[in-house]
Colleague: 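My structure is below; once you've seen it, I'll send some questions.
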Amino acid sequence: MSHSGAAVVEVTKDKNGIDQVLLQNTRGASARVSLHGGQVLSWRSERGEDLLFISSKAIFKPPKAVRGGIPICFPQFGNGSLEQNGFARNRIWVIDNEPPSLNPFDSYGKAYIDLLLKPSEDDLKIWPHSFEFRLRVSLAAEGHLTLISRIRNINCKPFSFSIAFHTYFSISDISEVRIEGLETLDYLDNLCEKERFTEQGDALTFESEVDRAYLSSSGAIAVFDHERKRTFVVRKEGLPDVAVWNPWDKKSKSIVDLGDEEYKQMLCVDGAAIEKPITLKPGEEWTGRLELSVVPSS
């Protein structure tokens with residue numbers, strides 16, 4: 001199955017028999033998406049570098065979400081009335097062969113796949129709202145990875161949700177990394193019972209556990225990795241907030257599907273809507289867009 005000239009879209013099965021989709025652009029960059037959770041499991045540069053972190057102890061067996069890649073947290077981010085980070089990342093999605101059309105720009109020259117999640121009867125018992133969640137994952141000729149989400153309320157009453165694309169970036173060493181683009185923003189600190197603070201520094205660096213939600217961020221976020229001489233750039237629309245997480249050494253030891261020292265090689269920077277849940281009236285649709293790119297840096 002291929003959606004464009006020389007770009008490749010190929011469907012295979014993993015060892016549990018779950019479909020995975022390989023996207024490859026004309027220059028050899030690639031991404032792999034599992035229908036378990038609609039989760040991007042890998043994103044590689046044209047030189048074959050892994051740009052996303054996957055834990056060496058990741059459990060590739062439903063219903064558990066894989067530790068790494070880009071799990072989708074919906075309809076809840078963090079803790080609440082549902083299981084932590086919602087149920088979308090633990091469900092089997094389907095390939096959407098006839099999605100409602102998107103801007104032609106979102107298809108041209110790109111390798112892409114469209115996925116769809118609808119709630120099961122069991123889902124409706126724990127979260128009684130009918131929805132259609134459409135996800136397009138696309139890989140551009142330049143190697144950018146884009147996730148376009150469209151969530152429609154097909155219920156007869158409004159519902160609200162929070163959402164995050166929990167992106168695990170692969171980094172050389174957490175102590176060598178800095179984030180720019182968060183300066184002067186307010187954030188909720190999950191290590192201080194969601195107390196609100198204002199970011200004072202020009203750049204965020206890491207010396208201990210960090211678990212924050214930065215609010216109302218409009219510009220691009222840059223993650224500088226000095227040792228690898230590369231910078232990740234996160235651009236987003238419809239996702240006002242940015243969650244930043246690294247568990248550091250003590251918490252890592254309590255996470256069964258994460259190696260004790262692996263916190264050094266990962267950093268989560270999520271495009272998200274956390275502080276103000278998104279409310280959809282019957283028939284209404286929300287669109288969110290996350291674009292990840294990587295550029296050389298000194």
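Small disclaimer: the values here were computed from a predicted structure and weren't measured.
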Colleague: Is R136 salt-bridged to D114, cutoff N-O under 4.0 Å?
Modeller: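 D114 and R136: salt-bridged.
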Colleague: Give a yes or no answer on whether the side chain of R150 reaches the backbone of P100 with a donor-acceptor pair at less than 3.5 Å.
Modeller: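 At least one qualifying donor-acceptor pair exists.
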Colleague: E176 side chain to I174 main-chain N or O, any donor-acceptor pair under 3.5 Å?
Modeller: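 No, E176 side chain to I174 backbone: no donor-acceptor pair under 3.5 Å.
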Colleague: Checking side chain to side chain contact (heavy atoms under 4.5 Å, CB included) for the pair L280/H129: CA distance, chi angles, key distance, verdict?
Modeller: CA-CA 11 Å; L280 293 178; H129 307 293; over 6 Å; no
Colleague: Looking at L239 and A273, what are the two nearest heavy atoms and their distance?
Modeller: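 Looking at all heavy atoms of both residues, the closest pair is CD2-N, 4.3 Å.
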Colleague: Between the main-chain N or O of S217 and the side-chain N or O of K236, is there a donor-acceptor pair closer than 3.5 Å?
Modeller: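 Yes, because the side chain of K236 sits within donor-acceptor range (under 3.5 Å) of the backbone of S217.
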Colleague: Compute the centroid of each ring, for F161 and then for W286, and state whether the two points are separated by less than 6.0 Å.
Modeller: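 Yes - the distance between ring centres of F161 and W286 falls below the 6.0 Å cut-off.
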Colleague: I95 versus N97: any side-chain heavy-atom pair under 4.5 Å?
Modeller: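 A side-chain contact exists here, since the closest heavy-atom pair is under 4.5 Å.
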Colleague: At their closest point, which heavy atom of R152 faces which heavy atom of F159, and how far apart are they?
Modeller: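 It is O-CZ, 4.3 Å.
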Colleague: For N16 and P62, which heavy atoms make the closest approach, and how far apart are they?
Modeller: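 Here N16 and P62 meet closest at ND2-CD, 4.1 Å.
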Colleague: Each residue besides L188 in its hydrophobic cluster should be listed here, by chain and number; the cluster joins Ile, Leu, Val, Met, Phe, Trp and Tyr at side-chain heavy-atom distances under 4.5 Å.
Modeller: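 Reading the cluster by chain and number, L188 sits alongside L215.
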Colleague: I154 and L135: same hydrophobic cluster, using ILVMFWY side-chain contacts below 4.5 Å?
Modeller: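 They do not share one cluster, since no chain of ILVMFWY contacts under 4.5 Å joins I154 to L135.
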Colleague: Consider only side-chain heavy atoms of I, L, V, M, F, W and Y, link residues closer than 4.5 Å, and tell whether V233 and L204 are in one cluster.
Modeller: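 V233 and L204: separate clusters.
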Colleague: Write down the atom of E262, the atom of M266, and the distance for their closest heavy-atom approach.
Modeller: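 For E262 and M266, the tightest heavy-atom pair comes out as O-CG, 3.4 Å.
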Colleague: How long is the straight-line distance from CD of Q20 back to CZ of R32, given to the nearest 0.5 Å?
Modeller: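 Reported to 0.5 Å precision, the distance equals 4.5 Å.
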Colleague: Nearest 0.5 Å please: distance from the CZ atom of F133 over to the CG atom of L115.
Modeller: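 Going from the CZ atom of F133 to the CG atom of L115 covers 10.0 Å.
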Colleague: Please check: side-chain N/O of N85 versus main-chain N/O of C73, any donor-acceptor pairing under 3.5 Å?
Modeller: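 Flag not set: sc N85 to bb C73 has no pair under 3.5 Å.
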Colleague: Could you check whether any side-chain N or O of Q39 sits under 3.5 Å from a backbone N or O of G68, counting only pairs where one atom can act as donor and the other as acceptor?
Modeller: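 Such a contact is found between Q39 side chain and G68 backbone.
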Colleague: Between atom CG of N90 and atom NE2 of H36, what is the distance when rounded to the nearest 0.5 Å?
Modeller: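 Going from the CG atom of N90 to the NE2 atom of H36 covers 5.0 Å.
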Colleague: Are L258 and L52 joined in one hydrophobic group, where the rule is that I, L, V, M, F, W and Y side chains link up if heavy atoms are under 4.5 Å apart?
Modeller: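 They do not share one cluster, since no chain of ILVMFWY contacts under 4.5 Å joins L258 to L52.
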Colleague: Just verifying a value: how many Å separate I163 CD1 and F74 CZ, rounded to the nearest 0.5 Å?
Modeller: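 Answer for the CD1-CZ pair, I163 versus F74, is 6.5 Å.
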Colleague: If you link ILVMFWY side chains whenever their heavy atoms are less than 4.5 Å apart, which other residues fall into the same cluster as F60? By chain and number, please.
Modeller: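 Once heavy-atom contacts under 4.5 Å are chained together, F60 belongs with L41, I54, V66.
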Colleague: Side-chain contact test, heavy atoms from C-beta onward, threshold under 4.5 Å: evaluate it for P282 versus N155 and give yes or no.
Modeller: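 The answer is no, as the side chains (C-beta and beyond) never meet within the 4.5 Å cut-off.
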Colleague: Do you reckon F224 sits in the same ILVMFWY cluster as L267, going by side-chain contacts under 4.5 Å, direct or chained?
Modeller: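 Shared cluster, no.
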Colleague: Apply the test side chain to side chain donor-acceptor pair (under 3.5 Å) to residues D225 and S172: give CA-CA distance (whole Å), side-chain angles for both, the deciding distance (0.1 Å), then the verdict.
Modeller: CA-CA 7 Å; D225 188 335; S172 58; 2.6 Å; yes
Colleague: Not counting sequence neighbours, list each pair that qualifies as a side chain to side chain donor-acceptor pair (under 3.5 Å) and has a residue in residues 267-283.
Modeller: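 Listed by first then second residue: S160-T279, H166-D270, R196-E275.
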Colleague: So does A58 get a backbone contact from the side chain of D257, meaning a donor-acceptor N/O pair under 3.5 Å?
Modeller: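 Side chain of D257 to backbone of A58, a donor-acceptor pair under 3.5 Å: no, none is there.
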Colleague: Transitive ILVMFWY cluster of I148 at side-chain heavy atoms under 4.5 Å: who else is in it?
Modeller: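 I148 clusters with L102.
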Colleague: Restricting to non-hydrogen atoms, name the atom on Q265 and the atom on E261 that form the minimum distance, rounded to 0.1 Å.
Modeller: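 Answer, listing the atom of Q265 first, then E261: OE1-O, 3.8 Å.
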Colleague: Under the ring-ring contact (aromatic ring centres under 6.0 Å, His included) rule, what pairs show up with a residue in residues 180-223, not counting sequence neighbours?
Modeller: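 Output for this query lists Y187-F197, Y187-Y214.
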Colleague: To the closest 0.5 Å, what do you measure between CG (L82) and CD (Q76)?
Modeller: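 The distance works out to 4.5 Å.
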Colleague: Run the numbers on V21 and V137 for side chain to side chain contact (heavy atoms under 4.5 Å, CB included), then give the verdict.
Modeller: CA-CA 10 Å; V21 182; V137 181; over 6 Å; no
Colleague: Do E49 and S170 come within less than 4.5 Å of each other through their side chains, counting heavy atoms only?
Modeller: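 SC-SC contact between E49 and S170 ruled out.
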Colleague: So that I can tick it off, tell me whether E199 and R212 are bridged by a salt bridge, with the cut-off set at under 4.0 angstrom between side-chain N and carboxylate O.
Modeller: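 E199 and R212: salt-bridged.
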Colleague: Heavy-atom count around D202 CG within 6.0 Å, excluding the residue itself: above 12?
Modeller: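 No, because the 6.0 Å sphere around CG of D202 holds 12 heavy atoms or fewer from other groups.
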Colleague: Using side-chain heavy atoms (C-beta onward) and a distance below 4.5 Å, is W127 in contact with P75?
Modeller: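 Result yes, sub-4.5 Å side-chain heavy-atom pair found.
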Colleague: I need the minimum non-hydrogen distance between S138 and Y112, along with the two atoms involved.
Modeller: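 Heavy-atom minimum between the residues: CB-CB, 3.5 Å.
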Colleague: Check whether F165 and L51 end up in the same hydrophobic cluster, where Ile, Leu, Val, Met, Phe, Trp and Tyr are linked by side-chain heavy atoms less than 4.5 Å apart.
Modeller: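 Shared cluster, yes.
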Colleague: Going from OG on S55 to CD1 on I255, what distance comes out if it is rounded to the nearest 0.5 angstrom?
Modeller: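 Interatomic distance, S55 OG to I255 CD1, rounded to 0.5 Å: 9.0 Å.
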Colleague: Do V242 and L185 have side chains that get closer than 4.5 Å, going by heavy atoms?
Modeller: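 The answer is no, as the side chains (C-beta and beyond) never meet within the 4.5 Å cut-off.
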Colleague: So do the side chains of R230 and S45 get within less than 4.5 Å of each other, counting heavy atoms only?
Modeller: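 Side chain of R230 against side chain of S45, heavy atoms only: no contact under 4.5 Å found.
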Colleague: Apply side chain to side chain contact (heavy atoms under 4.5 Å, CB included) to L22 and T12, showing your working.
Modeller: CA-CA 8 Å; L22 172 71; T12 58; 5.9 Å; no
Colleague: With sequence neighbours left out, which residue pairs that include part of residues 241-254 fulfil the side chain to side chain donor-acceptor pair (under 3.5 Å) condition?
Modeller: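 Counting only pairs at least two positions apart or across chains, the side chain to side chain donor-acceptor pair (under 3.5 Å) contacts touching residues 241-254 are E209-K251.
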Colleague: Would you sort out whether S293 and E142 count as a side chain to side chain donor-acceptor pair (under 3.5 Å), showing the intermediate values?
Modeller: CA-CA 9 Å; S293 56; E142 314 80 51; over 6 Å; no
Colleague: Is there side-chain contact between P71 and Y168, with heavy atoms separated by less than 4.5 Å?
Modeller: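 When only atoms from C-beta onward are counted, Y168 and P71 do touch, with a gap below 4.5 Å.
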Colleague: Any side-chain heavy atom of W93 sitting closer than 4.5 Å to one from V33?
Modeller: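 No, side chains not in contact.
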Colleague: Determine, stepwise, if the pair T167 / W43 fulfils side chain to side chain contact (heavy atoms under 4.5 Å, CB included).
Modeller: CA-CA 11 Å; T167 307; W43 172 37; over 6 Å; no
Colleague: In sequence, state the C-alpha distance, the side-chain angles, and the governing distance for D173 and K264, and then conclude on salt bridge (Lys or Arg N to Asp or Glu O under 4.0 Å).
Modeller: CA-CA 5 Å; D173 186 331; K264 295 175 182 174; over 6 Å; no
